[in-house]
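Reviewing the structure listed below.
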Amino acid sequence: MSAYKSDFLHVLAQRGFIHQVSEPEALDALARSSTITGYIGFDCTAASLHVGSLLPIMLLYWLQQTGHRPIALMGGGTTRVGDPSGKDESRKLLTDEIIEENLKGIRAIFARFLKFGETGNDAIMANNADWLNSLNYIDFLRDIGRHFSINRMLSFDSVKLRLEREQELSFLEFNYMILQAYDFVELHKRYGCVLQMGGSDQWGNIVNGIDLGRRVRNAQLFALTSPLITTSSGAKMGKTAAGAVWLNADLMSPYDYWQYWRNTEDADVGRFLKLFTILPLPEIERLAALKGAEINEAKKVLATEATALVHGREAAEQAAATARETFEGSGLSADLPSVSVPRAEIQAGIGVLAAFVKAGLASSNGEARRAIANNAIMVNDTRVTSDKATIGEADVTAEGVVKLSLGKKRHVLLRPV
């Protein structure tokens with residue numbers, strides 16, 4: 001049971017969101033006695049957020065649901081630099097026009113999860129370009145840069161990783177942690193923000209902001225990080241043979257999104273229901289306790305509830321109905337031709353080109369590659385965009401197959417044995 005007394009930290013602890021908290025007793029007391037303002041930053045490196053961003057979005061959701069004020073900070077400024085955390089190489093620099101276009105796609109997601117407005121604990125959408133793009137470099141170095149120790153910055157994992165691997169870390173990226181710390185202080189000045197949240201790889205960056213806030217504003221600021229999510233088999237969350245699992249419907253259909261959650265590994269169902277749905281905990285415990293074939297019912301609930309949060313209830317129910325019709329009602333799954341492959345090949349990851357040749361849907365790797373270029377190849381009804389894609393254990397559906405499709409009418413089931 002959670003030892004926290006505030007609704008906010010109690011809910012997060014019960015649902016598995018907490019990895020580390022700075023000064024947990026003080027934050028718990030503050031969240032219990034007042035409305036706190038907390039933020040998470042989202043850089044605008046793509047036209048949509050993907051499923052890996054869902055955990056931080058849910059943190060902001062529960063912050064608001066427990067009576068506090070969330071800030072979704074758009075990284076219009078920091079995207080021009082690029083966060084080196086967890087990256088083996090420099091990000092590609094984007095033009096201001098692309099960043100602004102990406103911002104529009106990302107903003108739309110948050111309206112599904114947060115209530116924005118001007119009163120009470122209504123959410124705020126801020127953009128760090130508002131204060132970063134107009135900084136005077138000399139003033140910034142003198143007022144902010146002097147508080148940072150190079151020795152300490154070199155000790156952070158995001159920097160050490162790149163230096164140990166002898167991957168170039170540009171001076172531009174090295175500045176990222178200073179800018180992120182400055183964001184925290186600026187949000188405290190503008191909105192009274194006292195909490196920054198993020199993934200566990202952001203701990204060092206957030207602590208920098210806490211330290212800077214104390215030095216320049218004599219403010220008590222807090223950090224809360226969530227665990228980085230991997231599946232039970234160790235795979236990174238949000239990757240399939242077809243690529244990233246996007247949250248925008250124009251990049252990934254609600255049906256494909258539903259299927260992604262439907263194919264969750266058995267061991268992850270309970271954990272993902274807690275993190276990625278808003279179902280009550282007793283109902284989640286009931287679903288997570290299901291065994292054998294019954295766990296498939298829990299997966300369908302997870303798929304429908306997770307899809308409803310992102311795409312709306314109607315789209316989620318429609319996706320569930322389509323799946324029923326495809327795999328259950330019409331007997332399509334049983335009627336389709338199938339090809340057996342050794343399970344070891346799937347576990348090791350079979351190349352998508354080889355899989356389509358093996359299934360007889362392409363006569364050669366070259367033909368399969370051309371079909372991908374023509375957007376004609378799908379794995380589990382999700383379009384494949386890279387000829388380097390692989391099919392692994394995570395792509396095996398609850399029915400024990402991987403559905404390969406060439407165009408709309410040719411389908412073969414890959415059946416691991």
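Residues take their numbers from the sequence shown, with the count starting at 1. Predicted model, so just to flag it, every value in this text is computed and none were measured.
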Would you check, one step at a time, whether the test side-chain contact (heavy atoms from CB on, under 4.5 Å) holds for Leu413 with Val402?
CA-CA 6 Å; Leu413 301 180; Val402 181; over 6 Å; no
Chi angles and distances behind the side-chain contact (heavy atoms from CB on, under 4.5 Å) call for Thr37, His68:
CA-CA 6 Å; Thr37 300; His68 304 288; over 6 Å; no
Decide side-chain contact (heavy atoms from CB on, under 4.5 Å) for Phe113 and Gln64; before the verdict, give the C-alpha distance in whole Å, the side-chain angles of both, and the deciding distance to 0.1 Å.
CA-CA 10 Å; Phe113 291 85; Gln64 186 168 50; over 6 Å; no
Please evaluate residues Thr307 and Trp261 with respect to the criterion side chain to side chain donor-acceptor pair (under 3.5 Å), reporting the C-alpha separation (whole Å), side-chain torsions for both, the decisive distance (0.1 Å), and the verdict.
CA-CA 8 Å; Thr307 304; Trp261 292 104; 5.3 Å; no
If you apply the rule salt bridge (charged side-chain N to carboxylate O under 4.0 Å, His left out), what do you find for Arg217 with Glu186, and how did you get there?
CA-CA 10 Å; Arg217 291 186 62 79; Glu186 189 67 28; over 6 Å; no
Given Trp62 and Ile278, is the side-chain contact (heavy atoms from CB on, under 4.5 Å) satisfied, shown in steps?
CA-CA 9 Å; Trp62 287 115; Ile278 57 175; 3.8 Å; yes
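At a threshold of 4.0 Å, the pair Arg383-Asp256 does not count as salt-bridged, since none of the basic side-chain nitrogens sits closer than that to a carboxylate oxygen. Salt bridge status for Glu25 with Lys5: absent, with no side-chain N to carboxylate O gap under 4.0 Å. A salt bridge is defined here as a Lys NZ or Arg NE, NH1 or NH2 lying under 4.0 Å from an Asp or Glu carboxylate O, and Arg370 with Glu367 fails to meet this definition. Under 4.0 Å is where a charged nitrogen must lie from a carboxylate oxygen, and between Arg32 and Asp28 no such pair does. Here Arg271 does not pair with Glu265 in a salt bridge; the nearest charged N to carboxylate O distance is not below 4.0 Å. Using a cutoff of 4.0 Å between basic side-chain nitrogens and carboxylate oxygens, Glu100 and Lys104 are not scored as salt-bridged.
Contact of the Ile346 side chain with the Leu414 side chain is registered, since non-hydrogen atoms from C-beta on lie closer than 4.5 Å. Between Ile71 and Ile40, every side-chain heavy-atom pair lies at or beyond the 4.5 Å cut-off. Side chains of Val207 and Ser22 form no contact here, defined as non-hydrogen atoms less than 4.5 Å apart. When side chains are defined from C-beta on, Leu55 counts as touching Ile229, because their heavy atoms get closer than 4.5 Å. Under the 4.5 Å side-chain criterion, counting only non-hydrogen atoms from C-beta, Pro416 is in contact with Val396. Counting heavy atoms from C-beta on, the side chains of Met197 and Ile206 never come closer than 4.5 Å. Using a 4.5 Å cut-off on side-chain heavy atoms (C-beta onward), Ile178 and Met153 make contact. By the 4.5 Å heavy-atom criterion applied to side chains, Met74 and Asp43 are not counted as neighbours.
Contact record, Gly209 with Leu221: O-CD1, 3.8 Å, taken as the closest heavy-atom pair. In this structure, Val341 and Lys358 approach most closely via the heavy-atom pair CG1-CD, 3.3 Å. The shortest non-hydrogen separation linking Leu114 to Pro70 is CD2-CG, 4.0 Å. The heavy-atom pair separating Ala288 from Gly270 by the smallest distance is CB-CA, 3.7 Å. Closest approach of Ala354 to Asn365, counting heavy atoms only: N-OD1, 4.0 Å. The nearest pair of heavy atoms linking Thr390 to Asp395 is O-OD2, 4.0 Å.
A donor-acceptor pair under 3.5 Å links the side-chain atoms of Thr277 to the main chain of Leu279, judged by distance alone. Put simply, the side chain of Asn102 gets close to the backbone of Cys44: a donor and an acceptor are under 3.5 Å apart. With hydrogens and angles disregarded, no donor-acceptor distance shorter than 3.5 Å links the side chain of Asn380 to the backbone of Thr382. Side chain of Lys299 to main chain of Thr264: a donor-acceptor pair is present (N/O by atom type, distance under 3.5 Å, no hydrogens or angles). No donor-acceptor pair closer than 3.5 Å links the side chain of Asn205 to the backbone N or O of Gln180. Looking at Asn175, its side chain does come within 3.5 Å of a backbone N or O of Phe171 through a donor-acceptor pair. Remark: the backbone N or O of Asp250 is not paired with any side-chain donor or acceptor of Asn248 at under 3.5 angstrom. Checking side-chain atoms of Ser155 against main-chain N and O of Arg152 turns up a donor-acceptor pair under 3.5 Å. Looking at Arg215, its side chain never comes within 3.5 Å of a backbone N or O of Ile144 through a donor-acceptor pair. Of the possible polar contacts, one joining the Asp268 side chain to the Ser232 backbone as a donor-acceptor pair under 3.5 Å is found.
Summarising the geometry, atom CG belonging to Asn121 is positioned 6.5 Å from atom OG1 belonging to Thr35; distances are rounded to the nearest 0.5 Å. Taking OG1 of Thr231 as the start and CG of Asn263 as the end, the distance is 12.0 Å to the nearest 0.5 Å. How far CG of Leu290 is from CG of Asp266: 11.0 Å, rounded to the nearest 0.5 Å. Note that OG of Ser226 is 11.0 Å distant from CD of Gln20, once rounded to the nearest 0.5 Å. For the atom pair Thr304 OG1 and Arg262 CZ, the distance stands at 10.0 Å (nearest 0.5 Å). Taking CG of Leu179 as the reference point, atom CG of Asn208 lies at 11.5 Å (rounded to 0.5 Å).
Ring-plane geometry between Phe272 and Phe276 is classed as perpendicular, the angle between the planes exceeding 60 degrees on a 0 to 90 degree scale with a lower cut at 30.
Within the structure, every pair that satisfies the side chain to side chain donor-acceptor pair (under 3.5 Å) test and touches residues 108-120, not counting sequence neighbours, is listed here: Lys115-Asp122, Thr119-Asp122.
Between Phe184 and Tyr39, a ring centre-to-centre spacing shorter than 6.0 Å is recorded. Taking the six-membered ring where the residue is Trp, the centroids of Tyr257 and Trp246 are separated by 6.0 Å or more.
Take Phe110 and apply the ring-ring contact (aromatic ring centres under 6.0 Å, His included) test, not counting sequence neighbours, and it matches Phe42.
Partner of Val216 under the side-chain contact (heavy atoms from CB on, under 4.5 Å) criterion, chosen from His147, Lys189, His188: His147.
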